Amino acid sequence: MKNRSLVSICDYNKDEQLKILEVSKEFEKKPKQRLLDGFVIASLFFEPSTRTRLSFESAINMLGGRIIGFTDAGSSSVKKGESLRDTIRTVNNYSDLIVMRHPLDGAARFASEVADIPIINAGDGANQHPTQTMLDLYTIMQTQNKLENLKVGFVGDLKYGRTVHSLTQALANFNCEFSFVAPNFLQIPTQYKEFLDEKGLKYETLANIHEVIPEVDILYMTRIQRERFSDPQEYEKVKDAYELKKSDMEPAKKNMKVLHPLPRVNEINIDVDSMPEAYYFQQALNGVFVRQAIVSMILGIK
Ligand code: CP
């Protein structure tokens, strides 16, 4: 993985993904080590973020690395009309690695083609979010003690939800079975169904969350992504499609965990938060250890 960009989860094979999980476990045991002394990491966020940006910053700070960058492209020379190509080529001169979030699908791939240093995709439009996927895999392993042969229910905005796209592709390495629960308009795109078809994996598409709650090991809730809708009226029609409540959880399997990449809006009622099945805040914590592993491995320290 040394010096290799992480743009799509498919850029790293199953063994490499498992190695990241192994190294993440080491960091969970010992997150404060001065392994990144002298390294400068650029953090370029062209789109809002709380968890991804701050967990990368926390991860890098705990390892003694330095971070430069911006949290709002409006404070950079993008505001003056600078192209993404020129921004990346410039920041390339100032850092050892670029972590980048961008609203356009494919922006991170483009950046990796113009940069001499590795790019970590921190989310590009509705496309991919591979570091979220790695922390999701870590969390699933932590809660289920395995990744193989699980039943996973994805609920919400499966069309625009980049975390769903990259996690589906990663879990396809582990013979999982999938239930995609969404309003028709927000169902999982065809390319991901074809991906599963090619691997001979089972999946179903449906609209009713109550049908999957008794079946699944992981219930992966997602937010309806208002910012990706071109027509606000379409958003209004689906914005309240799902709200998971404590009373809905009664038929769940004993091992079932509710995950969510966060932020949530109203798709999980706060009365679920105190239930043993609710695991989304621990999931967010795991982002620190997993991102420590990814950065250290790409910089060749681990
Ligand atoms: N999960 C996630 O990407 O959250 P943020 O948008 O807060 O980074």
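Please read all numbers here as calculations on a predicted model, not as lab measurements. Indexing begins at 1, ligand by ligand and atom by atom, following the structure's order.
At a 3.5 angstrom cut-off on N or O pairs, S49 counts as close to ligand 1. For the pair P48 and ligand 1, the shortest N or O to N or O distance does not fall below 3.5 Å. The N/O atoms of P263, backbone and side chain alike, include none that comes under 3.5 Å of an N/O atom in ligand 1.
For the residue pair R223/H260, the side-chain donor-acceptor check at 3.5 Å is not satisfied. With no hydrogens or angles considered, no side-chain donor-acceptor pair links T205 and Q187 at under 3.5 Å. No donor-acceptor contact under 3.5 angstrom links the side chains of Y235 and Q225, judged on distance only. Using modelled atom types and a 3.5 Å distance limit, the side chains of T163 and Q132 yield no donor-acceptor pair.
Looking at Y203, Y220, Y192 one by one, the single match for ring-ring contact (aromatic ring centres under 6.0 Å, His included) with F154 turns out to be Y220.
Contacts between T163 and ligand 1 below 4.0 angstrom, taking non-hydrogen atoms only, are absent altogether.
Atom CG of L137 is separated from atom CG of L171 by 5.5 Å, given to the nearest 0.5 angstrom.
Of all atoms in ligand 1, listed by their number and element, those nearer than 4.0 Å to a heavy atom of T52 are 2 (C), 3 (O), 4 (O), 5 (P), 8 (O). Below 4.0 Å from some heavy atom of T50 lie the following atoms of ligand 1, by number and element: 5 (P), 7 (O), 8 (O). Within ligand 1, the atoms closer than 4.0 Å to a non-hydrogen atom of Q132 are 1 (N), 2 (C), numbered from 1 in the order shown. Close approach of ligand 1 to L262 is summarised as follows: ligand atoms under 4.0 Å from at least one heavy atom of the residue are 1 (N), 2 (C), 4 (O).
Not one N or O on the side chain of H165 forms a donor-acceptor pair closer than 3.5 Å with the backbone of Q128.
Of all the listed residues (R53, R51, H129), H129 holds the heavy atom that lies closest to atom 3 (O) of ligand 1.
Distances shorter than 4.0 angstrom do not occur between any heavy atom of E47 and any atom of ligand 1.
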**Message:** Apply side-chain contact (heavy atoms from CB on, under 4.5 Å) to residues F174 and L150 and explain how you reach the verdict.
**Reply:** CA-CA 8 Å; F174 299 97; L150 295 168; over 6 Å; no
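In terms of protein heavy-atom proximity, atom 6 (O) of ligand 1 is closest to R101 NH1, 2.9 Å. Atom 1 (N) of ligand 1 has P261 O, 2.8 Å as its closest protein atom, hydrogens excluded (heavy atom only).
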